[in-house]
Amino acid sequence: MKTLVLSDIHGNLPALEAILEKESGFDTCLFLGDVVDYGPFPKECIQFLMDNMDFGVMGNHDNAIANNVDCGCRGDFRKFSVETRQWHKALLGKEELGFLRHLPTIQKTGVDGRSVFMAHATPQGGLTRYINENELEDEIKGVSDEIILLGHTHIQFMRYVGTTLVVNPGSVGLARDGGSACYATITDGQIKLHRLPYDVERTVKALMDSPVSEESKQGLTNVLYGRTLS
């Protein structure tokens with residue numbers, strides 16, 4: 001049995017498609033939040049989740065666009081988020097927004113006989129706080145599940161805290177530690193982190209045709225190619 005673990009797709013369909021081509025025939029899809037903002041294909045990415053997601057949670061960007069609230073994202077990404085969200089609102093219909101609005105903030109399931117706890121940013125269901133690996137022991141207190149899946153930071157890691165395995169699959173669509181599509185799989189109980197090259201130029205071209213500012217286009221292009229923001 002193969003379970004696909006995705007997080008932070010951020011409207012990047014070419015990155016998502018690269019993963020789906022590599023991992024065709026998955027049995028279950030888990031989603032850790034943030035399908036919208038930044039990328040040029042929000043509608044298509046939401047449609048994939050509507051058709052294929054088995055269990056998922058809400059991200060801070062999903063919450064922002066669905067409920068008209070602030071995303072609480074990093075300051076250096078705020079302009080990109082605000083501008084692309086305004087654009088995405090014009091692209092999405094009631095069905096897509098309703099799907100995002102009804103995502104829970106925490107979710108529990110089981111994979112290959114192991115209990116799994118899912119949240120976007122923190123195990124308490126918070127959507128905006130960035131936690132690092134050194135804070136995990138305090139953050140997971142009170143969670144008894146064998147596996148905890150988190151997203152939000154866009155940085156992959158996998159670490160045992162006692163007997164609990166905490167996994168962040170990284171970002172499908174906007175990895176901050178390199179220009180790849182990042183995700184995880186659980187196959188017959190074995191968890192692996194993956195990163196794949198994808199057609200970044202296709203994403204950038206679609207972004208360049210968008211109505212957002214040149215500053216946001218260039219800033220997001222830098223991130224997509226794995227360059228440091230200046």
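Heavy atoms only: backbone and side chains are in, while hydrogens, waters and symmetry mates are out. No experiment lies behind these values; they were computed from the predicted model shown.
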Quick check on the hydrophobic clustering: are [X] and [Y] connected, directly or via other members, by side-chain heavy-atom contacts under 4.5 Å?
X	Y	answer
L165	F55	yes
L136	Y160	no
I131	F157	yes
V200	L174	yes
M158	V161	no

Decide yes or no for [X] and [Y]: does some side-chain heavy atom of the first lie under 4.5 Å from some side-chain heavy atom of the second?
X	Y	answer
I46	L92	yes
T105	H120	no
I19	L6	yes
H10	V36	no
L30	V111	yes
R176	F77	yes
F48	V35	no
V167	V5	no

[X] and [Y]: which non-hydrogen atoms are nearest, and at how many Å?
X	Y	answer
P123	A119	CA-CB, 4.3 Å
P42	L91	CG-CD1, 3.9 Å
L100	A66	CB-CB, 4.0 Å
A175	C182	CB-SG, 4.0 Å
P40	W87	CA-CH2, 3.4 Å
G219	F80	CA-CZ, 3.6 Å

Sidechain N-carboxylate O distance under 4.0 Å for [X], [Y]:
X	Y	value
D76	R74	yes
R202	E17	yes
R101	E96	no
K79	E83	yes
E137	R159	no

Point to revise | side chain to side chain donor-acceptor pair (under 3.5 Å) partner of T185, chosen from K192, H194, K2 | key: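 That would be H194; it is the only one of K192, H194, K2 passing the side chain to side chain donor-acceptor pair (under 3.5 Å) with T185.
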Determine whether a donor-acceptor pair (N or O, by modelled atom type, separation under 3.5 Å) exists between the side chain of [X] and the backbone of [Y].
X	Y	answer
R195	S180	no
Q107	V57	no
S216	V212	no
D54	C29	yes
D8	D34	no
N132	N134	yes
D145	S115	no
N63	G59	no

Check your understanding: Are there more than 12 heavy atoms of other residues, nucleotides or ligands under 6.0 Å from atom CD of E133?
Key ->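 Count over threshold, so yes.
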**Study point:** NZ (K205) with more than 12 external heavy atoms under 6.0 Å
**Key:**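 Not more than 12 within 6.0 Å, no.
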Review point. In a check of side-chain contact (heavy atoms from CB on, under 4.5 Å) between L150 and each of L32, V166, T122, which one passes?
Key: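 With L150 as partner, side-chain contact (heavy atoms from CB on, under 4.5 Å) holds for just one option, V166.
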Pairing donors with acceptors under 3.5 angstrom, does anything connect the side chains of [X] and [Y]?
X	Y	answer
T163	E146	no
Y38	N12	no
E23	Y183	yes
K217	N222	no
S7	N168	no

Which distance, rounded to the nearest 0.5 Å, do you find between the [atom1] of [X] and the [atom2] of [Y]?
X	Y	atom1	atom2	result
L220	L207	CG	CG	5.5 Å
L20	L4	CG	CG	6.5 Å
L193	Q156	CG	CD	4.5 Å
H61	S81	NE2	OG	4.5 Å
F99	D62	CZ	CG	8.5 Å
C73	L127	SG	CG	12.5 Å

Review point. side-chain contact (heavy atoms from CB on, under 4.5 Å) between I186 and M1: does it pass, once the steps are laid out?
Key: CA-CA 8 Å; I186 309 174; M1 178 176 176; over 6 Å; no
Review point. Relative to the ring of Y130, is the ring of H152 parallel (under 30°), tilted (30 to 60°) or perpendicular (over 60°)?
Key: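 The arrangement is parallel - the two ring planes meet at less than 30°.
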Exercise for review: Mind running side-chain contact (heavy atoms from CB on, under 4.5 Å) on I148 and T164 for me, showing each step along the way?
Suggested key: CA-CA 7 Å; I148 297 175; T164 301; 3.8 Å; yes
Review point. Checking side-chain contact (heavy atoms from CB on, under 4.5 Å) for the pair Y198/L224: CA distance, chi angles, key distance, verdict?
Key: CA-CA 10 Å; Y198 70 94; L224 289 163; 3.5 Å; yes
**Study point:** Worked check of side-chain contact (heavy atoms from CB on, under 4.5 Å) between F26 and T3
**Key:** CA-CA 6 Å; F26 62 88; T3 298; over 6 Å; no
